[in-house]
Amino acid sequence: MSKTLVIVESPAKAKSIGKYLGRNYTVKASMGHLRDLPKSQFGVDVESNFSPKYIAIRGKGEIIKELRAAVKKADRILLASDPDREGEAIAWHLSKLLDIDENSNCRIEFNEITKQAIQQAVKHPRPIDIDRVNAQQARRILDRLVGYNLSPLLWRKVKKGLSAGRVQSVAVRLIVDREEEIKAFIPEEYWSLTAKFSKTAKSTFEAKLYKYQNKKITIPNQEAMDKILADLKGVSYVVASVTRKEKLRNPAPPFTTSSLQQEASRKLNFTARKTMAVAQQLYEGLELGKEGPVGLVTYIRTDSTRVSETAVEEAKKFILERFGPAYVPKESRQTVAKGKVQDAHEAIRPTSVERDPETIKEFLTNDQYKLYKLIWSRFLASQMAAAVMDTTSMDIEGGDYLFRATGSIVKFPGFMQVYIEENDDGTKEEEKLLPELAQGDKVEAKSLTPKQHFTQPPPRYTDATLVKVLEEKGIGRPSTYAPIVETIQKRGYVVRENKQFYPTELGIIVVDLLKNYFPDIINIEFTAEMEEKLDQIAEGDQDWVNVLKDFYGPFQQTLATAEEKIGKVQVADEVTDEICEQCGKNMVIKMGRFGKFLACPGFPDCRNTKPLLEPTGVACPRCEGELVLRRSKKGRKFYGCSRYPECDFVTWDVPTNEKCPHCGDLMVEKSSRGKEKILQCVNENCPSNAGVKETKAGQKTKQTTSNK
């Protein structure tokens with residue numbers, strides 16, 4: 001019998017695949033990339049059509065040796081790296097390292113790790129797709145051309161250790177531009193008027209002032225509001241119209257990479273990086289007791305919402321058995337993703353909808369369970385019948401003024417029985433029922449409540465909204481969103497505070513410099529256009545060398561001009577009154593991966609650093625110290641006593657100056673998704689905390705900080 005060697009990227013994937021292949025198959029893992037451009041040198045011969053110099057990655061020698069030995073024992077080699085451009089490039093690099101003919105039928109790919117998908121894949125091998133390889137090579141070389149030319153310039157002109165990336169710089173620009181919008185924003189005053197009407201004591205409902213003399217009304221100030229209130233004195237109110245409609249609400253489509261990262265951020269508070277790390281585990285396979293290793297979800301890097309007919313039929317059968325025929329849509333649901341998509345893979349879905357999250361929960365970590373449940377629920381809901389909403393709109397007339405009340409209740413839940421998509425602010429729509437009233441009914445105004453408002457600046461980007469805007473503007477592709485978000489934080493150009501991204505002073509300086517001297521590099525449209533060219537290379541419609549030539553000529557000229565014109569840019573550190581105990585200098589505030597910290601300006605001679613303690617103005621409940629803001633080694637905020645280690649009181653929650661009415665101890669702010677903040681006592685023995693199961697604030701844990 002002939003022996004077949006299958007090479008995948010990871011041991012988990014190897015274990016899952018090996019389960020579905022017979023004794024004549026050996027599955028080995030390459031542990032990701034084995035060849036790449038060298039880190040210590042440019043590695044691209046520009047004069048020879050941008051010929052790359054690939055070398056074996058340091059530390060991968062033993063793996064290469066083991067794979068070469070396995071190749072010698074095999075009669076057939078199948079390269080089964082991930083089904084995307086990077087996976088195609090990994091297969092191509094393996095063919096070069098292991099002396100495999102790239103034009104032979106040596107490449108297999110599959111969208112899910114299931115028995116049927118694996119067995120079908122090994123029956124239909126194909127040659128390596130050199131167009132997809134070239135698209136990935138072009139991306140890698142483009143990033144090297146930019147990074148290894150721009151970064152030394154930033155070192156010389158701004159600060160040592162800086163680096164600039166082709167796509168990452170655009171992401172930083174988005175955050176910097178948003179910060180500038182917020183700073184330039186001038187709030188405008190406006191008012192609203194809410195009336196509470198009733199016909200009977202049990203039928204109270206609210207309506208907002210909507211029109212004046214049949215024209216939509218705006219109330220700019222208190223003077224205008226006072227005039228309206230004066231006009232409404234003694235006015236009788238009557239129902240002018242009632243409109244009732246039955247409205248269908250369709251489910252959201254199954255996840256793409258982008259929408260998964262957005263919803264995991266909103267619902268689970270996962271970063272883009274964490275989402276993709278956990279999703280990769282679900283895709284590659286997890287041990288499910290006696291069932292062994294099982295790939296739980298389909299391939300996780302996709303921009304398509306398309307689903308296979310087999311999966312649709314399986315979902316339909318499951319919905320029918322669990323929820324009944326009313327929940328099965330009359331026609332199968334297939335949604336088309338918006339914009340230009342590659343549509344190379346299906347949407348992200350469970351490999352079998354029969355694997356209910358609750359039935360396999362015991363085999364998964366908490367994070368794996370949460371993300372799998374999110375993917376499973378979203379897919380199942382996407383194949384269910386629409387929800388039916390009863391909506392009511394009621395206009396109440398008082399003199400020349402018109403108030404409008406709207407209500408909506410769920411008549412038939414449909415897909416909402418399983419899953420409801422959240423908004424970017426983490427909220428869901430609430431049901432509101434209006435009383436049964438008819439046109440001509442008289443109602444009484446129980447109260448008129450005026451309220452002053454001010455227009456708000458655009459919100460700062462979060463993981464969810466940044467990934468959303470990157471996708472909308474064509475910046476990056478499904479496999480690059482998480483690395484982009486991670487890289488701009490690592491480089492110290494942005495920081496995440498309370499889930500929002502803020503640009504650092506360094507990030508602002510670098511973006512301004514790039515705007516002035518490298519407008520194409522920082523240009524959103526130019527970067528999106530480059531992504532389209534990479535897509536065209538993958539489709540065989542563009543020559544990758546020509547794309548690089550078109551980019552590099554103008555870039556070189558811009559680089560030479562910038563070198564000549566840019567002077568030394570000073571990034572001044574903020575000096576504090578804190579004295580370095582090692583050398584006596586005044587310490588300065590630096591920005592690290594997890595925010596600000598104190599450092600000695602005598603670096604590298606003096607390497608002393610300290611956490612920057614931000615006072616809260618709240619007294620420590622255990623001693624005479626003050627509570628200060630600190631950060632854990634992972635960057636998470638907590639509050640500890642300024643007299644640590646003498647006093648080790650800490651709390652994760654925001655302390656207040658309120659005292660508990662029951663025991664007099666410290667009150668902290670607790671908040672939950674979609675709800676207002678509430679105050680809670682830190683004393684776990686306080687009667688007010690009876691029945692509270694959460695970990696108590698004030699728990700004694702080691703106060704460790706690492707802001708660098």
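What you see is a predicted model, and the numbers here were worked out from it, not measured in a lab.
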If you look only at distance, which donor and acceptor atoms sit under 3.5 Å apart when one is on a side chain in residues 550-562 and the other is two or more places apart or in another chain?
| residue | atom | partner | partner atom | Å |
| --- | --- | --- | --- | --- |
| T558 | OG1 | P554 | O | 2.9 |
| T561 | OG1 | Q557 | O | 3.1 |

Less than 4.5 Å apart, any side-chain heavy atom of I182 and any of R460? yes
K473 atom NZ: more than 12 heavy-atom contacts under 6.0 Å: no
Hey, is the main chain of I522 close enough, under 3.5 Å, to the side chain of R173 for a donor-acceptor pair? yes
Take a 6.0 Å sphere around NZ of K65 and say whether it holds more than 12 heavy atoms from other residues, nucleotides or ligands. no
Side chains of M276 and T257 in contact at under 4.5 Å (non-hydrogen atoms): yes
Check for a donor-acceptor pair, side chain of D82 on one end and backbone N or O of D84 on the other, with a separation under 3.5 Å. no
So if I apply the side-chain hydrogen bond (donor to acceptor under 3.5 Å, both in side chains) rule between Q262 and each of S265, S259, S258, which one comes out positive? S258
Is there a donor-acceptor pair closer than 3.5 Å between any side-chain N or O of T256 and the backbone N or O of T302? no
Test side-chain hydrogen bond (donor to acceptor under 3.5 Å, both in side chains) applied to D463 and Q261, R496, R273, K468, the passing residue: R496
Pair K549 + D543: basic N to acidic O under 4.0 Å: no
Any side-chain to backbone donor/acceptor pair from N49 onto S51? Under 3.5 Å, distance only. no
Closer than 3.5 angstrom, by distance alone: can the side chain of Q542 be matched with the main-chain N or O of K533 as a donor-acceptor pair? no
Assess whether side-chain contact (heavy atoms from CB on, under 4.5 Å) is satisfied between T455 and F185, documenting all intermediate values. CA-CA 9 Å; T455 54; F185 183 81; 3.3 Å; yes
Determine whether H33 and E9 satisfy the following criterion, side-chain contact (heavy atoms from CB on, under 4.5 Å), listing intermediate values before the conclusion. CA-CA 8 Å; H33 284 276; E9 290 109 319; over 6 Å; no
Check whether S81 reaches the backbone of V8 with its side chain - one donor and one acceptor, N or O, closer than 3.5 Å. no
With a 3.5 Å distance limit and no angle check, can you tell me whether T298 reaches the backbone of R349 through a side-chain donor-acceptor pair? yes
Within the supplied structure, the quantity of interest is the number of heavy atoms (other residues, nucleotides, ligands) at a distance under 6.0 Å from E564 CD; does it exceed 12? no
According to salt bridge (charged side-chain N to carboxylate O under 4.0 Å, His left out), does anything in residues 91-100 pair up with another residue at least two apart or in another chain? List the pairs. K96-E102
When you measure from the centre of the six-membered ring of W92, is the NZ or CZ of R107 closer than 6.0 Å and no more than 45° off the axis? no
Donor-acceptor contact present, side-chain S151 to main-chain A164, <3.5 Å: yes
Check: R301 side chain, R477 main-chain N or O, donor-acceptor pair, under 3.5 Å: no
T527 side-chain N/O to V167 backbone N/O, donor-acceptor pair under 3.5 Å: no
Is the shortest side-chain heavy-atom distance between I475 and E531 below 4.5 Å? no
Steps toward side-chain contact (heavy atoms from CB on, under 4.5 Å) verdict (E86, R139): CA-CA 10 Å; E86 188 172 7; R139 177 186 290 281; over 6 Å; no
Taking the side chain as every heavy atom from C-beta outward, state whether L145 and F50 have any pair of such atoms under 4.5 Å apart. yes
Salt bridge (charged side-chain N to carboxylate O under 4.0 Å, His left out) for R58 and D36? Distances and angles first, verdict last. CA-CA 10 Å; R58 182 176 292 182; D36 197 6; over 6 Å; no
Residues E181 and R178 bridged, charged N to O under 4.0 Å: yes
Can you tell me if S48 and D45 form a side-chain donor-acceptor pair at under 3.5 Å? yes
4.5 Å side-chain heavy-atom contact, Y283 and K13: yes
Mind running side-chain contact (heavy atoms from CB on, under 4.5 Å) on I100 and L79 for me, showing each step along the way? CA-CA 10 Å; I100 300 165; L79 305 173; 4.2 Å; yes
Is the positively charged end of R144 above the ring of Y148, judged by distance under 6.0 angstrom from the centroid and angle within 45° of the axis? yes
Would you mind telling me which of T275, V278, L374 makes a side chain to side chain contact (heavy atoms under 4.5 Å, CB included) with L268? L374
